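I have placed the structure first, in the form of structure tokens, so that the comments after it can refer back to it.
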Amino acid sequence: MGVGCDSGVVLPDLSRHALDVAPLLVGCRLQAGPVTVRLVEVEAYEGGADPASHAYRGRTARNAVMFGPSGHLYVYLLHGSVCCNVVCGPEGVATAVLLRAGEVEAGQDLARERRLVRRASPLTDRDLARGPGNLCRALGITSADNGADLLGGGGLQLLPAERRPAAVGSGPRVNVSTAADRPWRFWDAASPSVSLFKRHPRAVTG
DNA sequence: CCGGTGATCCACT
DNA sequence: GTGGATCACCGGA
């Protein structure tokens, strides 16, 4: 009965496509030094066939990490916030999973300190890592972490779930303007830290 | 709801 | 080289 016999204690095979990996990442944990977050909400982004993906129009300086080997972190800035993805798929295929929200399991004091910078209102435990930008801030992830190897024993580590969530929900991705009907968002149905669904104001299906 | 945010990309000089 | 549209967001009202 070694590690690996129980599907709840191994990481998913990240060299598969994001759509296969995403639901299995719900419940896994991301550790950044003293702060550990249990992932409760993710979204799959395919490469060439997904108009909502940063890689849809091919390789650029920004998205180069997405085309590299799986298990690395793709970090970018959006509207002044840092967001991060776990790169999936074989090398050369730009498919990745956006980490949208988590529950802070360890290092809550540090996470809270980071979140309260330039913020007036109080912050509940539920909201410490709720939302893609907030999750990165709680973990201290910056654009300097773009390309970091999550399986290489460095400061950032992806860890297996202790146990699988009882139920994983799925539905359309948040705030995407194209392919807005694809149910490629996955979340732990029991978690209060899952962010609220928001449809893009000019959403187009397809 | 609304405005700020900051990088990136492309169509044009 | 420059301008403007775009974007997988956040916070406060």
Side-chain angles (χ1 to χ4, degrees), chain A residues 17-19 21-23 25-26 30 37 39-67 70 72-89 93-102 104 111-147 169-187 192-206:
Chain A
H17 280 240
L19 194 49
V21 173
L25 278 180
V26 177
L30 184 58
V37 158
L39 304 174
V40 301
E41 182 188 358
V42 302
E43 284 175 359
Y45 285 82
E46 288 292 286
D50 180 5
S53 167
H54 286 177
Y56 183 55
R57 288 176 179 83
R59 184 180 184 131
T60 66
R62 173 170 76 155
N63 65 24
V65 170
M66 287 183 84
F67 288 82
S70 64
H72 291 245
L73 199 67
Y74 166 49
V75 184
Y76 62 94
L77 263 101
L78 182 71
H79 296 105
S81 299
V82 175
C83 299
C84 70
N85 295 240
V86 175
V87 174
C88 298
V93 178
T95 171
V97 177
L98 169 68
L99 307 183
R100 284 200 55 89
V104 178
R112 178 175 302 274
E113 187 179 309
R114 287 167 170 160
R115 286 296 318 281
L116 287 177
V117 174
R118 283 166 313 207
R119 183 192 169 102
S121 55
L123 196 53
T124 63
D125 285 352
R126 180 193 73 169
D127 291 337
L128 278 180
R130 192 188 204 201
N134 294 334
L135 182 145
C136 288
R137 278 174 63 192
L139 287 168
I141 291 172
T142 70
S143 51
D145 296 306
N146 188 34
S170 74
R173 295 175 290 186
V174 172
N175 224 20
V176 302
S177 58
T178 59
D181 58 335
R182 300 187 189 181
W184 288 0
R185 173 179 179 239
F186 303 90
W187 63 86
S193 295
V194 173
S195 67
L196 300 173
F197 176 69
K198 186 179 179 185
R199 189 174 183 273
H200 192 280
R202 296 183 302 282
V204 172
T205 60

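As the structure is a prediction and not an experimental result, all values here were calculated from the model. Reminder, nothing fancy here: chain letters follow the sequence lines and each chain counts from 1.
- Note that CZ of A/Arg182 is 10.0 Å distant from CG of A/Leu19, once rounded to the nearest 0.5 Å.
- Counting heavy atoms from C-beta on, the side chains of A/Arg130 and A/Leu196 come closer than 4.5 Å.
- Among the protein residues, A/Arg173 comes within range of no part of the nucleic acid, since none of its heavy atoms lies under 4.0 Å from any strand.
- One distance of note links OH of A/Tyr74 with CG of A/Asp145; it measures 14.5 Å at 0.5 Å rounding.
- Environment of CZ in A/Arg57: sparse, with no more than 12 heavy atoms of neighbouring residues, nucleotides or ligands closer than 6.0 Å.
- Counting only distance, with no hydrogens or angles, the side chain of A/Thr95 and the backbone of A/Val87 share no donor-acceptor pair below 3.5 Å.
- Taking the side chain as every heavy atom from C-beta outward, A/Glu43 and A/Pro132 never approach each other to under 4.5 Å.
- Remark: A/Arg62 CZ to A/Asn146 CG distance equals 10.5 Å, nearest 0.5 Å.
- Judged by distance alone, with hydrogens and angles left aside, the side-chain atoms of A/Arg100 form no donor-acceptor pair with the main-chain N or O of A/Trp187 at under 3.5 Å.
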Review point. Tell me, for nucleotides 6-13 of chain C in 5' to 3' order, what letter each nucleotide earns: B for a base near a protein heavy atom under 4.0 Å, S for only sugar-phosphate near one, - for neither?
Key: -BBBSSS-
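- A/Asn85 places a side-chain heavy atom less than 4.5 Å from the side chain of A/Tyr76.
- For DNA chain C, runs of at least 3 consecutive pairs of the Watson-Crick or G-U wobble type, with both hydrogen-bonding distances under 3.5 angstrom, map to B:1-4 with C:9-12, B:6-12 with C:1-7.
- One N or O on the side chain of A/Arg115 and one on the backbone of A/Asp127 form a donor-acceptor pair closer than 3.5 Å.
- For DNA chain B, the span of nucleotides reached by chain A at under 4.0 Å from its heavy atoms goes, 5' to 3', from B/dT5 to B/dC9.
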